[in-house]
J.: 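Structure below; questions to follow.
Because the structure is predicted, anything quoted here is derived from the model rather than measured.
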Amino acid sequence: QVQLVESGGGLVEPGGSLRLSCAASGSISSISAMGWYRQAPGEQRWFVALMNNRGVTSYADAVKERFSISRDNAKGTVYLQMNSLKAEDTALYYCNARLWDGFNNRDYWGQGTQVTVSS
């Protein structure tokens, strides 16, 4: 199992940038992928971006070309560089880690960090 702690959220104007960080602790070597999800008020939690242990990335269409995910597998950290932020990016951003225990995948979540894009 792992524990995840996000940081880096805050208030930013449209067009601005933020860099989110997530630090994992525990069974780091069992993590197969890490990523980011977000949830706006009244909406479900949506996938944003991920990177697996091979460095393969995936992005939601809404953030592609604006956001960039990176990882340090050894340290168990994942980052989300967010550029050209829009009001619709406002949400609580959650860090996700997927662990493989030899039989199943299991997801772990951080507490979230708030990103607010507003003038």
J.: Decide yes or no for M82 and V115: does some side-chain heavy atom of the first lie under 4.5 Å from some side-chain heavy atom of the second?
T.: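 Touching, per the 4.5 Å side-chain cut-off.
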
J.: Indicate yes or no: at least one non-hydrogen side-chain atom of S30 is less than 4.5 angstrom from one of D101.
T.: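 A side-chain contact under 4.5 Å is absent here.
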
J.: Can you confirm whether R54 sits close enough to N73 that some side-chain heavy atom of one is under 4.5 Å from a side-chain heavy atom of the other?
T.: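 Side-chain contact under 4.5 Å: no.
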
J.: Would a hydrophobic clustering, with Ile, Leu, Val, Met, Phe, Trp and Tyr connected at side-chain separations under 4.5 Å, put L20 with Y108?
T.: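 Yes.
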
J.: Quick check against the 3.5 Å criterion: does N83 have a side-chain atom that pairs as donor or acceptor with the backbone of G16?
T.: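 Between the backbone of G16 and the side chain of N83 there is no qualifying donor-acceptor contact (under 3.5 Å).
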
J.: Is there a side-chain contact between E6 and Y93 in this structure, where contact means two heavy atoms from C-beta onward sitting under 4.5 Å apart?
T.: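 No, every pair of side-chain atoms sits at 4.5 Å or beyond.
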
J.: Test Q1 against R106 for side-chain contact (heavy atoms from CB on, under 4.5 Å), laying out the working first.
T.: CA-CA 9 Å; Q1 58 184 326; R106 185 173 180 179; over 6 Å; no

J.: Quick check: closest heavy atoms across A97 and I31, and the distance to 0.1 Å?
T.: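 A97 and I31 have their closest heavy atoms at CB-CD1, 4.3 Å.
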
J.: What is the distance from atom CG of D72 to atom OG1 of T77, rounded to the nearest 0.5 Å?
T.: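 If we round to the nearest 0.5 Å, D72:CG and T77:OG1 are 4.5 Å apart.
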
J.: When you check the side-chain N and O atoms of N53 and R71, is any donor under 3.5 Å from an acceptor?
T.: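 N53 vs R71: donor-acceptor pair found between side chains.
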
J.: Write down the atom of Q114, the atom of A91, and the distance for their closest heavy-atom approach.
T.: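 Taking Q114 first and A91 second, the nearest heavy atoms are NE2-O, 3.4 Å.
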
J.: Does the side chain of W109 come within less than 4.5 Å of Y37's, by heavy atoms?
T.: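 Of all side-chain heavy-atom pairs linking W109 with Y37, at least one is under 4.5 Å.
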
J.: More than 12 heavy atoms of other residues, nucleotides or ligands under 6.0 Å from CD of Q39: is that the case?
T.: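 Atom CD in Q39 is packed in, count exceeds 12.
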
J.: Taking Y94 for the side chain and R45 for the main chain, is one N or O donor matched with an acceptor at less than 3.5 Å?
T.: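 Here the side-chain-to-backbone pair does not exist.
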
J.: Between the main-chain N or O of T116 and the side-chain N or O of T90, is there a donor-acceptor pair closer than 3.5 Å?
T.: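 Looks like no, no N/O pair under 3.5 Å.
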
J.: Do the side-chain N and O atoms of S25 and Q3 include a donor-acceptor pair separated by under 3.5 angstrom?
T.: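 Yes, Q3 and S25 have a side-chain donor paired with an acceptor closer than 3.5 Å.
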
J.: Less than 4.5 Å apart, side chain to side chain, heavy atoms only: is that true for S118 and E13?
T.: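 A side-chain contact is absent here, since even the closest heavy-atom pair is not under 4.5 Å.
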
J.: What do you reckon, is CH2 of W46 surrounded by more than 12 foreign heavy atoms closer than 6.0 Å?
T.: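 No, CH2 of W46 has 12 or fewer neighbouring heavy atoms, counting only those of other groups under 6.0 Å.
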
J.: What are the two closest non-hydrogen atoms of Y59 and A49, and how far apart are they?
T.: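 Heavy atoms only, the tightest pair is CD2-CB, 3.6 Å.
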
J.: Count the heavy atoms of every other residue, nucleotide or ligand shown that sit under 6.0 Å from CD of E88, and state whether that count exceeds 12.
T.: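 Count over threshold, so yes.
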
J.: Answer whether the closest heavy-atom distance between the side chains of Y79 and S68 falls below 4.5 Å.
T.: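 Not in contact.
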
J.: Applying side-chain contact (heavy atoms from CB on, under 4.5 Å), run through L18 and F67 and close with a yes or a no.
T.: CA-CA 10 Å; L18 282 175; F67 291 11; over 6 Å; no

J.: Just how far is it from atom CG of L50 to atom CG of L80, taken to the nearest 0.5 Å?
T.: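 Going from CG on L50 over to CG on L80, the span is 11.5 Å.
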
J.: Does the side-chain contact (heavy atoms from CB on, under 4.5 Å) test come out yes or no for C95 and V78, once each step is laid out?
T.: CA-CA 8 Å; C95 179; V78 64; 3.7 Å; yes

J.: So how far is it from R38 CZ to Q44 CD, rounded to the nearest 0.5 Å?
T.: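 Answer rounded to 0.5 Å: 12.5 Å.
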
J.: Are L4 and Q111 close enough, and set up right, to give a side-chain contact (heavy atoms from CB on, under 4.5 Å), and what steps lead you there?
T.: CA-CA 8 Å; L4 303 171; Q111 293 298 304; over 6 Å; no

J.: Does any part of the side chain of C22, heavy atoms only, come nearer than 4.5 Å to the side chain of W36, both counted from C-beta?
T.: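 Yes, close enough: below the 4.5 Å cut-off.
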
J.: Taking all heavy atoms of S17 and all of Q81, pick out the closest pair and write down the distance.
T.: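 Looks like CB-NE2, 4.0 Å.
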
J.: Strictly distance-based, threshold 3.5 Å: is any side-chain N or O of R98 a donor or acceptor partner for the main-chain N or O of S32?
T.: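 No.
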
